[in-house]
Amino acid sequence: MNKMTEINTVSALKKKSGYLVFKGIMDIFLSIVAVLALSPVLLVFSIVIFLTDFHNPFYLQERIGKGGRAFKIIKFRSMYYDAEDLDKYFTGEQKEKFIAEYKIEDDPRITPVGKFIRKFSIDELPQLFNVAFGQMSLVGPRPLTLEETYFFGDERETLLSVKPGITGLWQVSGRNALTYESGERQKCEIRYVNNFGFKMDVAVFLKTFKAVFGGSGI
């Protein structure tokens, strides 16, 4: 690396570090404002989900955040309370598909209310608390389970160098077509980590609104 290239690299890293500080402050501020503004919506859906089967309306699951630190992600529960019993809800083929991709189309474990809140990404709203707690960002890679992070192989540390986000490049880039099996999902998430900045974050944020109001979810 020549001297000029080294200077440009250091300058780029400093610029990105500065943006991360700004982004962290804005994440916390905007998430707190959003929680306060959306508190009636959060309350209504908490009650509706509870009344469907009289179980906890929230779903907590361990995910891996920046630096490999584990945290509990908070979501509205969109599945039946015993959804972890895969043999109860899946055929052998569905179970195999789920184990490979950690998701399947027309998941039979999703409740009728769950289908609605997923369609409009309402199930993601409680993650605003994760953002306010400093565990997540508004925009970033998808928060993954420990097992999923190993799909990234040698680029696992790169993925975990930033906070996961409520929305991100994968979610607004035709996520159903970008799978682990094809390797396209990994490429998309790493592309964000290597190129994120104010311009990209704003673009992803605006595309998120299009996805949500279009009913395709995030």
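This chain uses plain numbering: 1 for the first residue, then up along the sequence.
- Pairs of residues two or more places apart, or lying in two chains, that qualify as side-chain hydrogen bond (donor to acceptor under 3.5 Å, both in side chains) and include a residue from residues 41-53 are Asp53-Arg77.
- Screening residues 126-138 for salt bridge (Lys or Arg N to Asp or Glu O under 4.0 Å) gives no qualifying pairs among residues at least two apart or on separate chains.
- Salt-bridge check for Lys66 with Glu157: failed, with every basic side-chain N at 4.0 Å or more from each acidic carboxylate O.
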Show which side-chain atoms of residues 30-45 pair as donor or acceptor with protein atoms under 3.5 Å away, not counting sequence neighbours.
residue: Ser31; atom: OG; partner: Asp27; partner atom: O; Å: 2.8
residue: Ser31; atom: OG; partner: Ile28; partner atom: O; Å: 2.9
residue: Ser31; atom: OG; partner: Ala132; partner atom: N; Å: 3.4
residue: Ser39; atom: OG; partner: Leu36; partner atom: O; Å: 2.9

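- Annotation: side chain of Tyr192 is in contact with side chain of Met200 (closest heavy-atom distance under 4.5 Å).
- Using modelled atom types and a 3.5 Å distance limit, the side chains of Asp201 and Tyr19 yield a donor-acceptor pair.
- Separation of atoms CD (Glu124) and OG (Ser78) is listed at 8.5 Å; rounding is to 0.5 Å.
- If you chain together hydrophobic residues whose side chains sit under 4.5 Å apart, Leu146 and Tyr59 never meet in one group.
- Rounding to the nearest 0.5 Å places CG of Leu86 at 6.5 Å from CD1 of Ile99.
- One hydrophobic cluster, built from ILVMFWY side chains closer than 4.5 Å, cannot hold both Phe50 and Ile122; they sit in different ones.
- Residue pairs satisfying the ring pair (Phe, Tyr, Trp, His ring centres under 6.0 Å) criterion with at least one member in residues 141-191, sequence neighbours excluded, are listed as follows: Phe151-Tyr180.
- Closest of all the heavy-atom pairs between Pro143 and Ile73 is CG-CD1, 3.6 Å.
- Under the 30°/60° scheme for interplanar angles, the aromatic rings of Phe209 and Phe205 are found to stand perpendicular.
- In the hydrophobic clustering of ILVMFWY residues, with side-chain heavy atoms under 4.5 Å counting as a link, Phe129 and Phe76 come out together.
- With a 6.0 Å radius and a threshold of 12 heavy atoms from other residues, nucleotides or ligands, Phe198 has its CZ atom at or below the threshold.
- In this structure, Leu128 and Leu138 approach most closely via the heavy-atom pair CD2-CD2, 4.1 Å.
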Working for side chain to side chain contact (heavy atoms under 4.5 Å, CB included), residues Ser173 and Leu178 | CA-CA 8 Å; Ser173 299; Leu178 307 180; 4.0 Å; yes
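- Contacts of Lys207 classified as side chain to side chain donor-acceptor pair (under 3.5 Å), with partners at least two apart in sequence or in another chain: none.
- Among residues two or more places apart in sequence or in another chain, the side chain to side chain donor-acceptor pair (under 3.5 Å) test is passed with Lys72 by none.
- Atom-to-atom distance recorded for Gln186:CD and Glu155:CD is 9.0 Å, nearest 0.5 angstrom.
- Using modelled atom types, no side-chain atom of Lys115 and backbone atom of Ile110 make a donor-acceptor pair closer than 3.5 Å.
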Quick one: do Cys188 and Arg191 satisfy side chain to side chain contact (heavy atoms under 4.5 Å, CB included)? Show the steps, please.
-> CA-CA 5 Å; Cys188 187; Arg191 188 182 309 127; 4.1 Å; yes
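- Residue pairs meeting the salt bridge (Lys or Arg N to Asp or Glu O under 4.0 Å) criterion with at least one member in residues 83-93, sequence neighbours excluded: Asp82-Lys88, Asp87-Lys95.
- The CD1 atom of Ile190 sits 5.5 Å away from atom OG1 of Thr158, with the distance rounded to the nearest 0.5 Å.
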Working for side chain to side chain contact (heavy atoms under 4.5 Å, CB included), residues Arg185 and Arg142 | CA-CA 10 Å; Arg185 176 170 179 175; Arg142 188 77 166 178; 3.6 Å; yes
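- A 6.0 Å sphere centred on CD of Glu105 holds no more than 12 heavy atoms belonging to other residues, nucleotides or ligands.
- Residues forming a ring-ring contact (aromatic ring centres under 6.0 Å, His included) with Phe98 (at least two apart in sequence, or on another chain): Phe90.
- A side-chain donor from one of Thr145 and Glu148 sits under 3.5 Å from a side-chain acceptor of the other.
- Between Tyr80 and Tyr89, the ring planes are parallel. Angles under 30° get that label, and only those over 60° would be called perpendicular.
- With sequence neighbours excluded, no residue forms a side chain to side chain contact (heavy atoms under 4.5 Å, CB included) with Asp154.
- The line from CD1 of Ile166 to CG of Leu125 is 8.0 Å long, rounded to the nearest 0.5 Å.
- For Thr111, there are no side chain to side chain donor-acceptor pair (under 3.5 Å) partners two or more places apart in sequence or in a different chain.
- With hydrogens and angles disregarded, no donor-acceptor distance shorter than 3.5 Å links the side chain of Ser137 to the backbone of Gly140.
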What do the steps show when you test Phe196 against Val139 for side chain to side chain contact (heavy atoms under 4.5 Å, CB included), and what is the final call?
-> CA-CA 10 Å; Phe196 76 87; Val139 180; over 6 Å; no
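- Annotation for Asn194 and Lys16: closest pair O-NZ, 3.4 Å, computed over non-hydrogen atoms.
- When hydrophobic clusters are built by joining Ile, Leu, Val, Met, Phe, Trp and Tyr residues whose side-chain heavy atoms come closer than 4.5 Å, directly or via intermediates, Leu60 is not grouped with Leu144.
- Here the closest heavy-atom approach between residue Gln127 and residue Met136 is recorded as OE1-CE, 3.0 Å.
- Looking at residues two or more places apart in sequence or on another chain, you find a side chain to side chain donor-acceptor pair (under 3.5 Å) between Asp107 and Arg109.
- Atoms CZ and CG, on Phe71 and Asn130 in that order, are 5.5 Å from each other to the nearest 0.5 Å.
- Here Ser182 pairs with Thr179, Glu184 under the side chain to side chain contact (heavy atoms under 4.5 Å, CB included) rule; sequence neighbours left out.
- Residues Ile49 and Phe120 share a hydrophobic cluster, clusters being chains of Ile/Leu/Val/Met/Phe/Trp/Tyr side chains in contact below 4.5 Å.
- Geometrically, Lys75 does not engage Phe58 in a cation-pi contact, judged by NZ or CZ lying under 6.0 Å from the ring centre and within 45° of the ring axis.
- Listed here is the closest heavy atom pair of Leu159 and Pro141: CD1-CB, 3.7 Å.
- Summarising the geometry of Val193 relative to Ser161, their closest heavy-atom pair is CG1-OG, 3.6 Å, with the distance given to 0.1 Å.
- By the 4.5 Å heavy-atom criterion applied to side chains, Leu51 and Val113 are not counted as neighbours.
- Counting heavy-atom neighbours within 6.0 Å of Asp106 CG, excluding the residue itself, gives a total of 12 or less.
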